[in-house]
2 protein chains.
Amino acid sequence: MPNVRLSDVAKLAGVSPKTVSNVVHGYVHVRESTRTKVQNAIDELGYRPNMRGRNLATGRTRMIALAFPDLRIPYFAELAHVIAEEASARGYRLLLEESGSTIEVERAILSAEEAGIVDGVLFQPSYLTSTEIAQHRRDVPVVLLGESIAPLSVDHVRIDNIAAAAQVVGHLAASGRRRIAFLCAEVPAPSETSKQRLIGYQQGLEACGLPVDPSLVVTGSVADADAACASLAAALDAGMAPDAVLCRDDLAALGALRALSERGLRVPADVAITGWDDITLASSMHPSLTSVRADGAQLARRALDLLLERIDGYDGLGRHEIVGHSLVVRESAPAAPAG
Amino acid sequence: MPNVRLSDVAKLAGVSPKTVSNVVHGYVHVRESTRTKVQNAIDELGYRPNMRGRNLATGRTRMIALAFPDLRIPYFAELAHVIAEEASARGYRLLLEESGSTIEVERAILSAEEAGIVDGVLFQPSYLTSTEIAQHRRDVPVVLLGESIAPLSVDHVRIDNIAAAAQVVGHLAASGRRRIAFLCAEVPAPSETSKQRLIGYQQGLEACGLPVDPSLVVTGSVADADAACASLAAALDAGMAPDAVLCRDDLAALGALRALSERGLRVPADVAITGWDDITLASSMHPSLTSVRADGAQLARRALDLLLERIDGYDGLGRHEIVGHSLVVRESAPAAPAG
DNA sequence: CTGAAAGCGCTTACAG
DNA sequence: CTGAAAGCGCTTACAG
């Protein structure tokens, strides 16, 4: 049986395609008897609208792409979930694009060979510079996510990393910690994300009257927990003796936990640790992880707000928005001074 | 500047739309001088093919949907990654559909109101019965993933859960464990996944000559690590004293780890634990987790093979395939008897 | 190797 | 409240 088209329904119901379209879209100004007639024809034929035709006629697909480094990183998977949920509430579906954190793929994302697949893209770059982003083809609306520097012309939603990092240091200092390490700054140069968190780290130390000791900044790869573990292990074995470690993300904190316990250091008794992102795992670990949590729902809401405005034709300057965050205090760095 | 269409290119190059289409698709039988002429026009106008037109004309979108419970569950995020990679290698993009493990959404996935969004769907149901799946609209090809029972008419790719569970028991028994618990069977009825792993668990015990003790089967929710932790904690507090715990998935193992260490039980010295899925986290935990690993690349490859064959018109009986798995041995349940 | 023409299945001003 | 007609931007037999 060939696919049923709108015109088949129209023929059977004895009306024009336009009227069927009106019924399908729930248009109110349709005579009740007409609506029933059409609906019966739809049911009888088992008609379902074909989106390919709709997409071509409307010039829209009601799909947006979410482009970020890697779905296997829990933060991004959880981000995708909350954005998918919000998008779905607005009648949009999500297409995933993993960049693998390679600049080539990031470029490809912004200058797609093909047009018309999605109505807009939410993009969290790792390497693309502000300049390059500013020069991308403007025919598909883009909203940037994350810590990279955004050009003035492009919308951007993020949390205040500097304030959050300072807040973490404040929390650790308030609980009696004095030698707070940072894990870790990428070599040869820290990522934009690490840079901002380092600035906040330093601001926090200064605000608390603690010395800023470069030897407490661990350098190394942040690729995964194992890399962070190795970096911290090397620093500890070289004599670094922190009483707290501010980790740049939860995976690094997981690695830190292992490096510390392998050396007989108890968390939080000997060393407190904090993570960042508050992935689901953070609350299930043992000890559970104190972590910085972005307001994911707000992030998703604002990002989609901005993107849909662009899709609807807004073409002004980039809006740069900051959404809320909080420090979720758990066992790994409790509020009270640890014994 | 309005969007450039294929016909604009044709006009500028002084050829027909057909010839431009040939060049765009790299069709070989195009005279070199014609190709150059067309390519120049494409470059000059900045033409990019519009997929909405293409999709309507071809009746394809080169997108497939991946439908499963929840992106926040690491196993599914990692599955999505490997499938996206394999799909991309074949020129397909991935659309995500989270069912939230609700039967209503699962139904909606199989009987989409709209047609023509994707060319096929890879679907891992939680609740839909074989009967219901068999009755779904056949206009979009479907391949099932996971442990649910598949109807004869539908393709299905999975690993051999029974054999894998028996293998885990064998491994634990070989390392000297005698009281091997199972964490956990859902109440009031275990999921199909748990059922199969329980069968393998029992087979493994019998094969090793160990008694099958129902009191070692912990019941409870498997929603997340915390639920598993609570279930095991309750069982331990009620007097259960296992020397190993076979966890139905890695998150349950994470919960088990906490329940055990909160009670002063060391892993693996006092109690060995094994997980299932071998999510990235498994190797970073402390202790690292012995876990069952499905051959994800093979799974993705076969699932896509079957789906693309359906998309290409294959309409025969369902193929039910089993892909490989392995037991990745790590610290939580090492091979040698633990002291 | 290339062209003219029809068609994919919708939507949307424009009329009435 | 409803219809006739054109158009969205491609592809694809069919000719030549």
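Numbered from 1 within each chain, the chains take letters A, B, ... in sequence-line order.
Between D/dT2, C/dT2, C/dG9, one nucleotide has an atom nearer to the side chain of B/Val30 than all others, and that is C/dT2.
OP1 or OP2 of D/dG3 lies within a sub-4.0 Å distance of a side-chain N or O belonging to A/Thr19.
Here A/Asp305 pairs with A/Arg90 in a salt bridge; the nearest charged N to carboxylate O distance falls below 4.0 Å. With salt bridges taken as basic N to acidic carboxylate O contacts below 4.0 Å, one links A/Glu321 and A/Arg302. Contact check on A/Glu309 versus A/Arg319 returns a salt bridge, with a Lys/Arg side-chain nitrogen under 4.0 Å from an Asp/Glu carboxylate oxygen. Salt bridge status for B/Arg62 with A/Glu114: absent, with no side-chain N to carboxylate O gap under 4.0 Å.
Scanning both residues, A/Glu78 and A/Ile279, for their nearest heavy atoms gives OE1-CA, 3.4 Å.
Protein atom CZ of A/Arg48 is 11 Å distant from nucleotide atom P of C/dC10, rounded to whole Å. Here the C1' atom of nucleotide D/dG9 and the CZ atom of B/Arg60 are 19 Å apart, to the nearest Å. Here C/dG9 presents its C1' atom at 14 Å from CD of B/Glu114, a figure rounded to the nearest Å. Following rounding to the nearest Å, A/Ile117 (CD1) and D/dC10 (P) show an atom-to-atom distance of 13 Å. Rounding to whole angstrom units, CZ of residue A/Arg52 and P of C/dG7 are separated by 18 Å. Residue A/Lys11 contributes atom NZ, which lies 13 Å from atom P of D/dA4 at whole-angstrom precision. The interatomic distance linking A/Asn55 (CG) with C/dC10 (P) rounds to 11 Å, in whole Å. The separation between B/Leu56 atom CG and C/dG7 atom C1' is 9 Å, rounded to whole Å.
Within 4.0 Å (heavy atoms only), A/Arg5 reaches sugar-phosphate atoms of the nucleic acid but no base atom. As judged by a 4.0 angstrom heavy-atom cut-off over every strand, B/Arg35 is placed among residues making no nucleic acid contact.
In secondary-structure terms, DNA chain D builds stems of at least 3 consecutive Watson-Crick or G-U pairs, each pair having both distances under 3.5 Å, at C:1-3 with D:14-16, C:5-12 with D:5-12, C:14-16 with D:1-3.
The closest side-chain donor-acceptor pair between A/Glu44 and A/Asn40, if any, does not fall under 3.5 angstrom. At a cut-off of 3.5 Å, with distance as the only test, no side-chain donor of B/Asn55 or B/Thr61 sits close to an acceptor on the other residue.
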Could you write nucleotides 11-16 of chain D as a row of B, S and -, 5' to 3', where a protein heavy atom under 4.0 Å of any base atom gives B, of only sugar-phosphate atoms gives S, and otherwise -? SBB---
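Of the listed residues (A/Phe123, A/Tyr75, A/Phe76), just one forms a ring pair (Phe, Tyr, Trp, His ring centres under 6.0 Å) with A/Phe68, and that residue is A/Phe76.
B/Leu12 CG: more than 12 foreign heavy atoms inside a 6.0 Å radius.
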